[in-house]
Every structure is written in structure tokens, then in C-alpha cells.
Amino acid sequence: MTKIILVGASGRMGQAVSALALKKPEFQIVAGVDIESFNCEYPIYSKINDVKEQADVIIDFSGPEILPALLSYCEIKKLPIVIAQTALNDRLKSMIKSTSEKVPVFFAPNLAFNVLLFKRLVKKAANYFKDFDIEIVERHHREKKDAPSGTALMLYESIAQELKDTKLNLNRNNTGLRQEKEIGIHAVRGGHLTGEHEILYISDDEVIELKHLAISRNIFATGALRAAFFTKQQLAGFYTADSLFEGEFNDD
């Protein structure tokens with residue numbers, strides 16, 4: 001059994017992971033951490049340092065403000081951690097890398113299995129359509145704090161690896177003509193949208209679209225549990241979604 005401390009337990013993703021774990025006897029959430037609580041099968045603490053239960057791994061769906069204390073806790077307790085946060089600054093990213101020298105750290109802005117496949121399709125398509133204009137559109141619920149999404153930035157980076165000298169434009173806002181090799185990211189926020197990412201390859205004569213639409217948060221919850229099981233078995237190091245799915249896709 002994989003015993004989990006769930007950070008950000010009361011949020012949308014925390015509750016989705018909690019509900020899914022209840023259906024899987026091989027996983028048990030032994031404690032949660034959040035400033036709010038909800039009706040669940042485990043205790044919820046307001047601070048990570050108050051947690052007394054023993055666990056195999058931490059799953060973190062919280063925010064940047066708690067991350068330093070969380071990483072310190074992992075180092076002290078020698079606990080592996082799965083971090084599913086976005087919009088982290090360079091200082092926090094450096095702290096994550098430092099912690100990964102002491103314990104296993106799995107870091108991914110998106111834990112949906114098929115998003116990794118989508119990323120690889122997007123990268124291949126960029127090579128086929130390298131003379132096209134490329135735009136990224138992402139849509140999320142109105143309460144999402146960061147824009148653009150971590151997944152949109154991940155998709156841009158994947159394209160940039162395939163095409164040299166690309167220029168990222170996060171906020172065009174009538175700044176003039178489209179620049180050569182410019183890739184724009186457009187963030188839409190509204191309602192209860194779970195997550196949608198669309199890549200447009202645009203020429204003078206046609207448009208090719210690749211799109212991933214998350215209908216349910218269960219795809220991310222499933223990925224979080226899979227990542228937790230993977231991470232608890234690893235040695236200290238920095239792991240990503242590519243580590244988790246290594247060998248399952250062939251790029252040739």
C-alpha cells in the first residue's frame with residue numbers, strides 16, 4: 001500500500017485525488033494539509049509540520065507560498081514528493097532542484113497521461129508545419145490563479161525544442177505586426193472549464209488544429225496516484241512526466 005500526505009487536500013484537485021484514492025485499495029491518504037477542511041476519511045492539518053501520520057510520499061496540489069516549508073519537511077522526514085504546481089519563480093525552482101539531491105522529487109505541471117502524448121504530437125507537428133504561424137490557446141476555470149497555464153508553457157517549450165529561434169509572445173495586445181517565428185499563448189478564463197489546450201498551425205491557405213480537452217479532473221488524479229507510486233520507489237533525484245512514462249512512447 002502507498003500511504004500519502006495530500007497537500008492542498010480541500011481544493012478541486014485535492015478532492016478529486018481523495019475520491020479516487022478511496023476506490024483504490026492500494027492507496028491510502030493518511031493526512032491532508034490545507035487552510036480549509038472538508039468531510040473526508042483522514043485528518044486535515046493547517047500546517048505541514050503539524051502532520052504526525054507516517055507516509056510513503058507527499059502529493060502537492062497547493063501553492064507557491066507553502067512550498068519552502070514543504071520541501072524542508074520532505075528533507076527532514078526523507079519523504080519523496082510529487083509537486084503538481086505551476087507559476088513557480090526561479091528561486092522556488094532552485095529550491096526544488098536542491099531538495100531533489102536529498103529525496104526523490106517528481107515535478108510536473110500536468111499529470112494527465114495523454115497530455116504527454118499530446119506534447120509529443122505537438123512537437124512532431126511543429127516540424128512538419130515549421131513554415132506555418134503557430135498559436136497556443138488555453139482555457140481554464142475562472143479561479144485559476146496563473147496565466148498562461150504551466151501546460152501551455154510546457155507545450156511552447158516542446159515546440160521551441162523542435163524549431164530554432166522561436167519568440168514567445170504572452171500578451172500581444174496590438175503590439176504591431178506578427179513577428180517571424182513568433183508563437184503566441186492566449187489564456188482564457190471563465191466558468192468551470194477543467195482545462196483545454198489548442199495548438200493552431202496557420203498558413204495563408206489552411207489551418208491545422210491539435211486539441212486536448214480535459215472533461216474530468218479524474219485524468220489528473222489518476223496521474224497523481226501513478227506518479228506517487230513511481231516516486232516512492234526512486235532514489236533521490238529530479239523526475240518528470242517523461243521519467244514516469246519512459247519507454248511507453250516511441251518518438252521514431
Side-chain angles (χ1 to χ4, degrees), residues 1-74 77 79-88 92 96 99 103-113 115 140-147 149-151 189 191-196 214-232 239 241 244:
M1 177 180 288
T2 301
K3 295 184 177 181
I4 298 166
I5 296 173
L6 181 59
V7 182
S10 300
R12 286 184 174 91
M13 275 311 310
Q15 293 193 43
V17 172
S18 183
L20 184 62
L22 279 176
K23 301 175 183 177
K24 295 183 175 292
E26 63 270 32
F27 293 97
Q28 180 188 7
I29 299 175
V30 295
V33 178
D34 210 313
I35 57 174
E36 299 179 0
S37 62
F38 70 105
N39 186 21
C40 58
E41 303 296 320
Y42 50 85
I44 295 182
Y45 301 90
S46 59
K47 297 178 180 179
I48 183 63
N49 290 324
D50 293 336
V51 176
K52 301 175 179 61
E53 284 74 13
Q54 298 296 311
D56 301 309
V57 62
I58 291 175
I59 296 177
D60 173 36
F61 278 104
S62 60
E65 63 281 353
I66 196 177
L67 196 54
L70 191 55
L71 293 174
S72 176
Y73 182 88
C74 289
K77 299 290 186 179
L79 263 180
I81 182 170
V82 174
I83 301 173
Q85 290 197 33
T86 59
L88 299 179
L92 290 175
I96 289 173
T99 296
V103 298
V105 175
F106 186 101
F107 178 69
N110 193 312
L111 287 167
F113 177 88
V115 168
H140 287 85
H141 57 85
R142 65 167 70 94
E143 295 179 11
K144 184 171 176 59
K145 296 179 181 179
D146 59 314
S149 70
T151 301
R189 298 290 177 266
H192 298 287
L193 293 171
T194 300
E196 181 178 329
I215 298 173
S216 166
R217 288 183 177 83
N218 280 343
I219 61 173
F220 309 115
T222 299
L225 293 179
R226 186 172 181 177
F229 180 75
F230 168 86
T231 306
K232 80 166 189 176
Y239 302 93
L244 178 59

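Taking both residues in full, the closest heavy atoms of Pro25 and Met1 are given as O-CE, 3.2 Å, listed atom of the first, atom of the second, then distance. Heavy-atom minimum distance, Phe61 versus Leu111: CZ-CD1, 3.9 Å. The two residues Gly14 and Leu6 make their nearest non-hydrogen contact at O-CD2, 3.3 Å. Taking all atoms of both residues into account, the shortest heavy-atom contact from Ala69 to Ile48 is O-CG2, 4.1 Å. The two residues Ile215 and Thr194 come nearest to each other via the heavy atoms O-OG1, 3.9 Å. Counting all heavy atoms, side chain and backbone alike, Glu53 lies closest to Pro43 at OE2-CG, 3.5 Å.
A distance of 4.0 Å separates CD1 in Ile44 from OG in Ser10, rounded to the nearest 0.5 Å. Rounded to the nearest 0.5 angstrom, Lys3 NZ and Asp56 CG are separated by 7.0 Å. Distance check: Thr231 OG1 to Phe106 CZ gives 5.5 Å after rounding to the nearest 0.5 Å. Summarising the geometry, atom CG belonging to Asn49 is positioned 7.0 Å from atom OG belonging to Ser72; distances are rounded to the nearest 0.5 Å. How far CD1 of Ile58 is from CD1 of Ile4: 11.0 Å, rounded to the nearest 0.5 Å.
Contacts classified as side chain to side chain donor-acceptor pair (under 3.5 Å) and involving residues 28-38 (residues at least two apart or in different chains) are not found. Pairs engaging residues 7-21 under the salt bridge (charged side-chain N to carboxylate O under 4.0 Å, His left out) rule: Arg12-Glu143 [sequence neighbours left out].
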Audit row: Val17, Phe220, side chain to side chain contact (heavy atoms under 4.5 Å, CB included) steps and yes/no: CA-CA 8 Å; Val17 172; Phe220 309 115; over 6 Å; no
As a quick check of understanding, evaluate side chain to side chain contact (heavy atoms under 4.5 Å, CB included) for Val33 and Ser46, giving each step before the final call. CA-CA 6 Å; Val33 178; Ser46 59; over 6 Å; no
Side chain to side chain contact (heavy atoms under 4.5 Å, CB included) for Ile59 and Ile81? Distances and angles first, verdict last. CA-CA 6 Å; Ile59 296 177; Ile81 182 170; over 6 Å; no
Just do the side chain to side chain contact (heavy atoms under 4.5 Å, CB included) check on Phe27 and Lys24 with the steps written out, would you? CA-CA 6 Å; Phe27 293 97; Lys24 295 183 175 292; 4.0 Å; yes
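Val82 has its side chain out of reach of Phe230: every pair of non-hydrogen atoms, C-beta onward, lies at least 4.5 Å apart. Put simply, the side chain of Ile5 reaches to within 4.5 Å of the side chain of Leu79, judged on heavy atoms. Within the 4.5 Å cutoff, the side chain of Leu71 has heavy atoms near those of the Ile83 side chain. For the pair Gln85 and Asp60, the minimum side-chain heavy-atom distance is below 4.5 Å. With contacts defined as side-chain heavy-atom distances shorter than 4.5 Å, the pair Pro104/Tyr239 qualifies.
Environment of CD1 in Ile35: sparse, with no more than 12 heavy atoms of neighbouring residues, nucleotides or ligands closer than 6.0 Å. In this structure, Tyr42 places its OH atom where more than 12 heavy-atom neighbours from other residues, nucleotides or ligands lie under 6.0 Å away.
We find that Asp146 and Lys144 are joined by a salt bridge, their nearest charged nitrogen and carboxylate oxygen being less than 4.0 Å apart.
A side chain to side chain contact (heavy atoms under 4.5 Å, CB included) with His140 is found for exactly one of Arg189, His192, Glu196, namely Arg189.
Counted by atom type alone, Thr2 and Lys232 present one or more donor-acceptor pairs between their side chains at under 3.5 Å.
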